[in-house]
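Every number for a ligand or one of its atoms is a count from 1 in the order of the listing. Keep in mind that this is a model prediction, so the values were computed, not measured.
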Amino acid sequence: MSNDLFTPIRLGRTELQNRIVMAPLTRNRAAMPGNVPQDINVTYYTQRATAGLLIAEATPISPMAHGYPATPGIHTAEQVAGWNKVVAAVHAKGGKIYLQLWHVGRISHPSLLPDNAIPVAPSAIKPAGQAYTFTGLQDFVTPRALGLDEIPALLEDYRRAAELALEAGFDGVEVHAANGYLIDQFLRDGTNQRQDQYGGSIANRSRLLLEVVATVSKVWGADRVGVRLSPINQFNDIRDSNPQALFNHVVEVLAPFKLAYLHVVEIGMSNDAPQAFDFNELRRAWQGNYMANGGYDKARGNAAIASGHAECVAYGVPFIANPDLVERFLADAPLNVPDQSSFYGGTEQGYTDYPRLT
Ligand code: PHB
C-alpha cells in the first residue's frame, strides 16, 4: 500500500504521527502591548494538536521585523514565557510545533515600528498598496535600504530569535522566505537592486537566505530547521523576472544543509496573472522532505503523497475552521465553512469556537 496523509513520517529530528501539517497563519491575537502569546492562543493551538506538525504563525524576530498589529513576537522574555505555555500544552496533547521566524522588511509602516522608524528593505523601493496599522489601512512608505554594515546585526537578530525559540521549547523553526517579506525581497530582482554582494546575480540575491539558514541551523541543527518559499506568489507586490531560475538555484544551494523540510507555497495569493513555473522540476531538484501547500484538499493531498510529489501537505484555511481537521479527513466528514471576517484580529469568535465533530 502506498503512503498517504495518515502515514507517520520523520522530518529531520521530528517524528510526525501523520503528514497533515497546519500551515503558519497570521491571526493577530497576541496580547497588547508587548505582542505576547496569551491564553486564547494556547487554546487555539492545543485544539489543533492532532496535526502531524503545527507551524505556529509568522513571528517577528525583532521590533523592526513587525508589520501588522497584534502579531506575537520572539524577541522578549515575556514572549518566550507566552510561547512556552503554547508549546507545553501542545506537547501535553502529543503534538509537535515549529515556530516560523519572520521579518516583514518593507511590508510595514512607521506607526508599527520603534520610534516611528522607516521600514528596512534590500532597496528603497516602495511597495504598491497599504499597510494594516492600528488606525486602519495606510499607504506603504518608501523603505530604507539596509546598509552592508547592518547585515551582521540582522543575522544576530535571527540568531537571538532562534535561541529564544529553543528556550521556549519548540520542536524546530521555519525560516520564512516567502510571500514578499524581507528574505523574499532580497531574493527577487523586482525588489533587490543592490550593487553589493547581496544583489545582482541570483547567487548574490540568495546570499541573505543562506546566511540566515546557516545562522539558525547553528543554533538548532539543520535537521530541526525548515524553509518556506513561494515561487509564484506576487502577494505584497513582489516580482521576479525569472522565478524558475531563481528558485532552482535556491533549492540547489539549500540542499547541502540537509534541512528538516522544504515548504513550498505552490499558488499565488494576489490577483495577478500567475507566472509559469514547474513545481515538479523544483521537487526533482530537492532530495529532502517536500511540504506542499496551497489549495490542497484531502484527495489532492493523498495524491501528492502517493505520486511522490510531496512527503507531507500543509493546510491553512481548512485548519482555521476545523480544529479537528485530521479526524474529519479520517472520517471523510464535512468541513466547517471558514468565516473570513474573523481571520485577522478579534476575540475567541472565529478563533477558538469552531465546533468539532461530535
Ligand atoms: C498576512 O498577514 O496576510 C500574511 C502574513 C504572513 C504571510 C502571508 C500573509 O506569509
Q.
Parallel, tilted or perpendicular, judged at 30° and 60°: which one describes the rings of Y45 and W83?
A. tilted

(Q) Under a 3.5 Å threshold, yes or no: a donor from one side chain and an acceptor from the other, between Q47 and Y354? (A) no

Q: Note the single closest protein heavy atom to atom 5 (C) of ligand 1, along with its residue, its atom name and the distance in Å.
A: T26 OG1, 3.2 Å

Q) What atoms in ligand 1 come closer than 4.0 Å to a heavy atom of M269? A) 8 (C), 9 (C)

Q. Where's the contact between Y181 and ligand 1, heavy-atom distance under 4.0 Å: side chain, backbone, both or neither?
A. side chain

(Q) Taking a cutoff of less than 4.0 Å between a non-hydrogen atom of the residue and any ligand atom, is F235 in contact with ligand 1? (A) yes

**Q.** Any E57 heavy atom less than 4.0 Å from ligand 1
**A.** no

Q. With a cut-off of 4.0 Å, which atoms of ligand 1 are near a heavy atom of N179?
A. 7 (C), 8 (C), 10 (O)

Q) Any N or O on H176 sitting closer than 3.5 Å to an N or O of ligand 1? A) yes

(Q) Can you confirm whether the side chains of H109 and S111 place a donor and an acceptor under 3.5 Å from each other? (A) yes

Q | Distance from atom 3 (O) of ligand 1 to nearest protein heavy atom, with residue and atom | A | Y344 OH, 3.3 Å

Q: In plain terms, say whether R159 and E156 are close enough for a salt bridge, that is, a side-chain N and a carboxylate O under 4.0 Å apart.
A: yes

Q: Kindly determine whether S341 and Q349 satisfy side-chain contact (heavy atoms from CB on, under 4.5 Å), including the steps that lead there.
A: CA-CA 10 Å; S341 72; Q349 195 210 323; over 6 Å; no

(Q) If only side-chain N and O atoms count, and only distance matters, is there a donor-acceptor pair under 3.5 Å linking S241 with D189? (A) yes

